[in-house]
Amino acid sequence: MEVSPGIRVDSGNRQEPITEIPDTFDVKGFKCVKCGLAHMHDTTKHQLSKDFDISDTDAAQMEYNSVCHCGLQEAGRHGSDMGIDESSAARAAGNAPIPPEASREMNEQFGSL
Ligand SMILES: [Zn+2]
């Protein structure tokens with residue numbers, strides 16, 4: 001039996017300690033659990049509760065994520081339920097794309113923008 005000289009087992013330092021991964025991820029960005037959109041920034045860049053002056057409680061009632069584009073998209077569809085100026089949310093949502101799949105689901109649930 002011959003052992004091929006090209007085979008090497010690479011067991012170097014390729015794995016970072018697992019504890020460092022969540023920290024790094026938090027700092028650099030997050031992936032929305034609702035629409036799947038990956039953000040390259042933290043969760044404070046856009047917050048409906050700040051941008052539209054609604055309470056955190058109201059923001060938490062939302063179907064989608066109030067710190068993600070999908071929350072803005074939702075606000076543009078039925079934001080008045082939460083005291084949000086729907087037309088200004090809808091305008092902002094025009095610059096806040098979400099994955100097509102999420103967009104389609106939202107259109108079915110709340111109607112299109
Ligand atoms: Zn989202």
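Because the structure is predicted, anything quoted here is derived from the model rather than measured. All residue numbers refer to positions in the sequence shown, counting from 1. Both counts, for ligands and for their atoms, begin at 1 and track the order of listing.
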Would you please name every residue forming a ring pair (Phe, Tyr, Trp, His ring centres under 6.0 Å) with F110, sequence neighbours left out?
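Partners of F110 under the ring pair (Phe, Tyr, Trp, His ring centres under 6.0 Å) test: H78.
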Suppose the criterion is salt bridge (charged side-chain N to carboxylate O under 4.0 Å, His left out): which pairs have a residue in residues 63-72, not counting sequence neighbours?
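Applying salt bridge (charged side-chain N to carboxylate O under 4.0 Å, His left out) to every pair that reaches into residues 63-72, excluding sequence neighbours, yields nothing.
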For residues 90-109, pull every pair meeting ring pair (Phe, Tyr, Trp, His ring centres under 6.0 Å), keeping only residues two or more places apart or in separate chains.
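Passing the test, one end in residues 90-109: no pairs.
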Aromatic plane relationship, H39 with F30 - under 30° parallel, 30 to 60° tilted, over 60° perpendicular
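Answer is parallel, since the angle falls under 30°.
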Supply the atom-to-atom distance D85 CG to D53 CG, rounded to the nearest 0.5 angstrom.
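D85 CG to D53 CG: 12.0 Å, rounded to 0.5 Å.
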Report, as a single number, the protein N, O or S atoms less than 2.8 Å from the Zn ion (ligand 1).
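N, O or S atoms of the protein closer than 2.8 Å: 4.
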Pair R77-E74, salt bridge (charged side-chain N to carboxylate O under 4.0 Å, His left out): steps then yes or no
CA-CA 5 Å; R77 286 163 167 87; E74 181 185 351; over 6 Å; no
